[in-house]
There are 2 protein chains.
Amino acid sequence: MATGRTHRPATRSRGIPEATVARLPLYLRALTALSERSVPTVSSEELAAAAGVNSAKLRKDFSYLGSYGTRGVGYDVEYLVYQISRELGLTQDWPVVIVGIGNLGAALANYGGFASRGFRVAALIDADPAMAGKPVAGIPVQHTDELEKIIQDNGVSIGVIATPAGAAQQVCDRLVAAGVTSILNFAPTVLSVPDGVDVRKVDLSIELQILAFHEQRKAGEEAGAAAAHPAAATRPDAADQGPDGDVPAVMPA
Amino acid sequence: MATGRTHRPATRSRGIPEATVARLPLYLRALTALSERSVPTVSSEELAAAAGVNSAKLRKDFSYLGSYGTRGVGYDVEYLVYQISRELGLTQDWPVVIVGIGNLGAALANYGGFASRGFRVAALIDADPAMAGKPVAGIPVQHTDELEKIIQDNGVSIGVIATPAGAAQQVCDRLVAAGVTSILNFAPTVLSVPDGVDVRKVDLSIELQILAFHEQRKAGEEAGAAAAHPAAATRPDAADQGPDGDVPAVMPA
DNA sequence: TTGTGTGAACTTGTTCACAGCA
DNA sequence: TGCTGTGAACAAGTTCACACAA
């Protein structure tokens, strides 16, 4: 166990590991699907398969939240959905603003999963005066000049930056100054923010480069097993999606 | 990794930790910016600040690549750009297909950073016959029927899935069967793939949920220091971006 | 019997702090 | 002198394996 002291489950579990937090949405999605199919209970094994992780990890993750399962049976789907939602703070409504309504911003505005789970697009903001008033995904775009007012009037604490890289830091500074404390950044730039503000970044080109690295490695390995022809031994049921490090790598000191 | 078996091919000493690989693109971007400003050398301290990490980590990361710095001086920018590019496999050209040309697919197709660094959009594919032939970002959309042919003709090994969740697994299976071995998945679904295929996922709603978790926690902590008014102590140089940060999400099969 | 919950072992990643080279 | 390169300490995350509740 992490902290020496045995913590009380039910209410406030201090210290849920970050890696666990990052997986809760995954479990939640799988559970929601089960819930829609009116499945009453799941075992860690089944749920883990659905979420693409292994079952020991899932059980460990859940143990940080409390003891919500029943030995010999499994987890109650509805109950878990509720507990995880609460833990993630999704039982309340989070107004979100999207800044930068280009291709990507529009895609985000149209993204359905947005609204579905506690998030509400409070406003779309763009620097181009020609965009002002034009509706995107049914929401009229507002000009950057309104940014501070929008944030304050709507009590927005989460902002999404989908501007070009050059504008991102400036937009970020204004968001933060206006009271935003969590930022999801799609611009390919490192943002600097004061303490207490969370930034998460999503970066297409970084993801591709990581894939290229592994791809290159595979190509260099034309010696191993039945490589060479991927089309051949397609066995589409590998199931276990979750763990992250492929390429364990030898690492000789 | 999925099956207990640690697949450890005969590949040489190349044991670059996954966490390091995930940061190399960051360093590369910072270095490219320096290169464009004709800066000849950087210290680990400066480069680390530009990339949003701390300098010890950066030095450790570089040490896995080799000894490319000069003590007392720093790193040669051009040389490092080359070494990292090579390590990431960006000295070759990677043809990529994007499947699902909705809002998001179009945004991706238009994304400049795509082409800039070794990646080339070889084709855009969509299931809607009405889309066929329509140019997006200057590239005509092709129908899903052509998928296998496109992959094979262009030697594509990296595929981007930007379809609705319901179609993602099927598209994935076809991509893999046709020879794709790396997939970047934007659909909110767990994909199952055979061993040897890498999947990385980008999921807006997961990112937002993680932010909501931290946001909720902040709200519950209204006791701490300078609470309530973030606008106050703005100190825009906190530098280190990834506190809990990246949480990549490599999902090998 | 079944499947959760969890100490304990293990693996991976980060930070420290300093030896040693330019 | 200044900054890299790296062993060693530390921290976080994952997996194992089994006691134990239902």
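Throughout, a chain's letter reflects where its sequence line sits, starting with A, and its residues are numbered from 1.
In this model, a donor atom of one side chain and an acceptor atom of the other lie less than 3.5 Å apart for A/Ser35 and A/Glu78. B/Glu36 and B/Thr32 share no side-chain donor-acceptor pair at under 3.5 Å. Counted by atom type alone, B/Asp61 and B/Thr20 present one or more donor-acceptor pairs between their side chains at under 3.5 Å. Side-chain contact, A/Glu215 with B/Thr181: a donor N or O sits under 3.5 Å from an acceptor N or O.
In this structure, A/Lys60 atom NZ and C/dA8 atom P are separated by 11 Å, rounded to whole Å. The NZ atom of B/Lys57 sits 13 Å away from the C1' atom of C/dT12 (whole-angstrom rounding). Between the C1' atom of C/dT4 and the CG atom of A/Leu58 lies a distance of 11 Å, rounded to the nearest Å. As rounded to whole Å, 14 Å separates atom C1' of C/dG3 from atom CG of A/Leu80. Taking atom OH on B/Tyr68 and atom P on D/dG5, their separation rounds to 11 Å, with Å as the unit. Summarising the geometry, the separation between CG on A/Asn54 and P on C/dT4 is reported as 13 Å, rounded to the nearest angstrom. As a whole-Å value, the separation of A/Leu65 CG from C/dT6 P is 12 Å. Atom OH in A/Tyr64 sits roughly 10 Å away from atom P in C/dG7 (whole-Å rounding).
Toward the 5' end of DNA chain D, the nearer of the two residues A/Ala56 and A/Val73, judged by each one's closest nucleotide, is A/Ala56. Take the nearest nucleotide of DNA chain D for A/Thr70 and for A/Pro17: the residue whose nucleotide is more 5' is A/Pro17.
Scored by the ring-ring contact (aromatic ring centres under 6.0 Å, His included) test, B/Tyr27 finds B/Phe62 as partners (sequence neighbours excluded). Partners of B/Arg59 under the salt bridge (charged side-chain N to carboxylate O under 4.0 Å, His left out) rule, at least two apart in sequence or in another chain, do not exist in this structure.
In this structure, of C/dT6, D/dG5, D/dT4, it is D/dG5 that holds the atom nearest to the side chain of B/Ser63. For B/Ser43, the listed nucleotide lying nearest its side chain is D/dT4; candidates were D/dT4, C/dG5, C/dA8.
Taking the centre of each ring, B/Tyr79 and B/Tyr68 come in below the 6.0 Å mark.
Looking at heavy-atom distances under 4.0 Å, A/Tyr75 makes contact with sugar-phosphate atoms alone, never a base.
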Nucleotide N/O to protein N/O under 3.5 Å, stretch nucleotides 18-21 of chain D:
from	atom 1	to	atom 2	distance (Å)
D/dC20	O2	A/Arg71	NH1	3.2

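Using a 4.0 Å cut-off, no side-chain N or O of B/Ser44 falls inside it from OP1 or OP2 of D/dC3.
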